[in-house]
Amino acid sequence: MSFTKSEGWLDWYADPSTPRFTLPAGAVDAHCHVFGPGDEYPYAPERKYTPCDASRTQLFALRDHLGVSRNVIVQATCHGADNRAMVDAVRAADGRARGIATVRPDVTGAQLRELDAAGVRGVRFNFLRRLVDASPKDDLAAIAAKIAPLGWHIVIYFEAADLPELADFFASLPTPLVVDHLGRPDVTAPPEGPEFTGFLRFAERTDVWVKVSCPERLSVSGPPALHGERDAYRDVVPFARTVVEEFPDRVLWGTDWPHPNLTGHMPDDGLLVDHIPHIAPTAELRQRLLVTNPMRLYWPDETS
Ligand SMILES: O=C(O)/C=C(\C=C(/O)C(=O)O)C(=O)O
């Protein structure tokens, strides 16, 4: 079966620079995806975009190029609840990857145990209307109840403006929560404004983790110079740095490779690594962000 990429779709950056910032040993890319290949892992009929292919082999090549040690591979909406591409990539990583799945309310205990055995450690609830049709909260609550006994967590992806409406539902969930991409703040508003301070209050819950990822999605200071600028996405820094400094033990970082649904520019993944010292200004903060925190959440049996 062949698939045609969505109109205007930008492929991932084919020639990422070698980062100037050297990642610490054991660094984890805690948010990335695999797409297809579509002829082996067909894209879901209900998808709202059709990506380029982005295989596990290409993901692992980027991992090695950037100096990353491990990956958390998050099921992308273009694959719906068919987790095979993600699971096969996790299995192929020989213990160096974990997975976050998408499941439906009728998922069985046996299916969840099989995912867990493969290295899956959570599910994703996506609330972006441009990515998925809304799921009834009762369905999501049913999924949460099924996965909680496994010790899994729930990755939540939402627009900042929707957090007030979603906060009570999030509070009702019986598992830790991991927020994608800083909760997608409007970086044109001041960090001390009501929207972001409201998000910080939400993140004060000790079972809420935050990915300080995707500056390229959030930045409005314009695309960086053609991948020559080493301090790109400056307008996102105050938001990400605040979260890192306020919750140093509950932050995670990821590339978001292969960067779905970006228009205008595609980030050089080497630049995304070079962005890290701007949001985590000390070696100690970077050790927690990149190694200690993701190991505690995804490989607890391997942490001392
Ligand atoms: O890759 C991301 O995390 C962000 C996006 C896409 C998805 O999460 C997805 O399709 O699963 C987006 O903002 O379009």
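Order of listing sets the numbers, starting from 1, for every ligand and every atom in it.
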Engineer: Considering only heavy atoms, which protein residues lie less than 4.0 Å from any atom of ligand 1?
Structural biologist: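 Within 4.0 Å of ligand 1, the protein residues are His31, His33, Tyr49, Ala76, Thr77, Arg124, Arg130, Leu131, Tyr157, His181, Arg184, Arg217, Asp256, Pro260, Asn261.
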Engineer: Using a distance-only test with no angle check, is there a side-chain donor-acceptor pair under 3.5 angstrom linking Tyr298 and His153?
Structural biologist: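 There is such a pair between these side chains.
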Engineer: In chain order, what residues pass the side-chain hydrogen bond (donor to acceptor under 3.5 Å, both in side chains) check against Arg104, with sequence neighbours excluded?
Structural biologist: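 Counting only residues at least two positions away or on another chain, Arg104 forms a side-chain hydrogen bond (donor to acceptor under 3.5 Å, both in side chains) with Glu46.
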Engineer: Mind telling me whether Phe35 and His33 have parallel, tilted or perpendicular rings, with 30° and 60° as the class edges?
Structural biologist: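 The arrangement is parallel - the two ring planes meet at less than 30°.
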Engineer: Start with the C-alpha distance between Glu216 and His265, add both sets of side-chain angles, then the distance that settles side-chain contact (heavy atoms from CB on, under 4.5 Å), and finish with yes or no.
Structural biologist: CA-CA 9 Å; Glu216 73 283 0; His265 85 284; 4.0 Å; yes
Engineer: So, using side-chain hydrogen bond (donor to acceptor under 3.5 Å, both in side chains) as the criterion, who are the partners of Gln287 when residues are at least two apart?
Structural biologist: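 Gln287 satisfies side-chain hydrogen bond (donor to acceptor under 3.5 Å, both in side chains) with no other residue.
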Engineer: Without placing hydrogens or testing angles, list every side-chain donor-acceptor pair under 3.5 Å for residues 170-184, not counting sequence neighbours.
Structural biologist:
| unit_1 | atom_1 | unit_2 | atom_2 | d |
| --- | --- | --- | --- | --- |
| Ser172 | OG | Phe169 | O | 2.5 |
| Asp180 | OD1 | His31 | ND1 | 3.3 |
| Asp180 | OD1 | Lys211 | NZ | 2.6 |
| Asp180 | OD2 | Arg124 | NE | 2.9 |
| Asp180 | OD2 | Arg124 | NH2 | 2.8 |
| His181 | ND1 | Ser213 | OG | 2.8 |
| Arg184 | NE | Glu159 | OE1 | 2.9 |
| Arg184 | NH1 | Tyr157 | OH | 2.8 |

